[in-house]
There are 2 protein chains.
Amino acid sequence: MKRDSRLSGVLHVLLHMAQQPGPFTSETLAKAMDTNPVVIRRVMAGLRDLGYVRSEKGHGGGWTLACDLSKVTLRDVYTALGSPALLAMGNRTEAPGCLVEQAVNAALDHAFQDAEALLLARLGEVTLARLADDLRKRLGSRKHQGIGAHHA
Amino acid sequence: MKRDSRLSGVLHVLLHMAQQPGPFTSETLAKAMDTNPVVIRRVMAGLRDLGYVRSEKGHGGGWTLACDLSKVTLRDVYTALGSPALLAMGNRTEAPGCLVEQAVNAALDHAFQDAEALLLARLGEVTLARLADDLRKRLGSRKHQGIGAHHA
DNA sequence: CCATCATGCAACATATAGAGTTACATGAAA
DNA sequence: TTTCATGTAACTCTATATGTTGCATGATGG
């Protein structure tokens, strides 16, 4: 199966938005992400529904950050995307009658649940503000460049 | 993406094989797993290459366990399958030039790697022997039944 | 030797889900 | 009223796990 990159993508968008005042059109963001405006709208829809961003139509419209970046974690963003599957593996059958399969599922579920819980916990530890801080460090002394400057 | 159930499936096969002496034909195993013989051969191929099972052609042929069940962990089995992706999510771009994307990747990679490491560690803690023990407990006082008895 | 049985494997079909694209409706600003 | 921008449905494309068919290879038993 293809690897889900929506979380990675939407974080990229949010971090770009945090670098300068908005609003940003889906078109602008799509160019920076080398993708399609509709894809941007699609992944941003969940964030809008939870109030993390706002969208405006018409002239001067576009996307704006609408939350305290120090209050929103990567886990919140993940949830806003609809909590897609974290693990690429799963059990063959969820509620098997076969005792052999039950034993296998029990062992695997234990490992799977631990891993999922850890991943969610790690995502919950990182706020968007901390991500922006990290980015500021990476930018270092280099003059701040507008969105799109890093991209072709 | 569809959920990968190969590990779950091959463990089911191995555990069935541990319940009674072999050999077992792909056909028999496929029936117990409600799938196709070729699928069995496909997932078993990696195990055979690592010497965990043996396969014989012709009359009286089929699959036989060829390892010490207390020495082989679920992680070993996972590796034998070719170490397929554990996480359903990944970074949009692996080696991005964009500093924003680098910051995002760094944060996510940290969480991803922790989760993967934990999952592998958990799988490494469980041996096939322990799985078989657990199954024995589940079977309880109930008389042992031949392969296929639990299935339609 | 030959028929049968079983694996090995290539090739193709199917199903699912993320990602990309097109088209059009809705609504806001100039 | 024209233009701009989002909202959304409905496609296409792609990757991957899974299912299936067909045939080659090799071992067993007659």
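Just so it is clear: chains get the letters A, B, ... in the order the sequence lines come, proteins before strands, and each one is counted from 1.
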So A:Val10 and A:Val77, side chain to side chain contact (heavy atoms under 4.5 Å, CB included) or not? Walk me through it. CA-CA 8 Å; A:Val10 77; A:Val77 176; 3.4 Å; yes

Note to self: For a quick check of understanding: with a heavy-atom distance under 4.0 Å over all strands, which category does A:Gly60 fall into, base, sugar-phosphate or nothing?
What the structure shows: nothing

A:Met33 atom CE is separated from C:dA19 atom P, nearest whole Å, by 10 Å

Would you check if there is a donor-acceptor pair between the side chains of B:Ser5 and B:Ser8 at a distance under 3.5 Å?
no

To the nearest angstrom, the CH2-C1' distance between A:Trp63 and D:dA5 comes to 11 Å

Whole-Å distance, A:Glu27 CD to C:dT22 P, equals 12 Å

Walking DNA chain C from its 5' end, the first of A:Ala85 and A:Pro37 to be reached, judged by nearest nucleotide, is A:Ala85

Exercise for the section: Would you tell me if any nitrogen or oxygen in the side chain of B:Ser5 comes within less than 4.0 Å of OP1 or OP2 on D:dT18? Expected result: yes

If the cut-off is 4.0 Å, is B:Arg42 near the phosphate of C:dC9, judged by side-chain N/O to OP1 or OP2?
no

Taken to the nearest whole Å, CE/B:Met44 to P/C:dG8 is 10 Å

Requested in this report: Please determine if a side-chain N or O atom of A:Thr35 lies less than 4.0 Å away from the OP1 or OP2 oxygen of C:dG20.
Outcome: yes

Taken to the nearest whole Å, NE2/A:His59 to P/D:dT6 is 12 Å

Winner on side-chain proximity to A:Val38, out of D:dG22, C:dA23, C:dT26, is C:dA23

(request) Indicate whether OP1 or OP2 belonging to D:dG7 is found under 4.0 Å from a side-chain N or O atom of A:Arg41. (result) no

*May I ask you to evaluate whether A:Arg3 reaches the phosphate of D:dA15, defined as a side-chain N or O under 4.0 Å from OP1 or OP2?*
no

Of the listed C:dT4, C:dA6, D:dT20, the closest approach to the B:Asn36 side chain comes from D:dT20

OP1 or OP2 of C:dA6 less than 4.0 angstrom from a side-chain nitrogen or oxygen of B:Ser26, does that happen here?
no

Rounded to whole Å, CG of A:Leu7 lies from P of C:dA19 at a distance of 11 Å

Between B:Trp63 and B:Ser26, is any side-chain donor less than 3.5 angstrom from a side-chain acceptor? yes

Atom CZ of A:Arg54 and atom P of D:dA5 are separated, to the nearest Å, by 17 Å

Exercise. Are B:Asp134 and B:Arg138 within salt-bridge range, i.e. N to O under 4.0 Å?
Worked result: yes

To the nearest angstrom, the NZ-C1' distance between B:Lys57 and C:dC5 comes to 12 Å

Heavy-atom nearest nucleotide on DNA chain D taken for A:Ser55 and for A:Gly58; more 5' hit belongs to A:Gly58

Query raised in the report: Regarding A:Asp76 and A:Thr73, is there a side-chain donor-to-acceptor distance under 3.5 Å anywhere?
Result: yes

At less than 4.0 Å, is any side-chain N or O atom of A:Arg48 found next to OP1 or OP2 of D:dG7? Yes or no.
yes

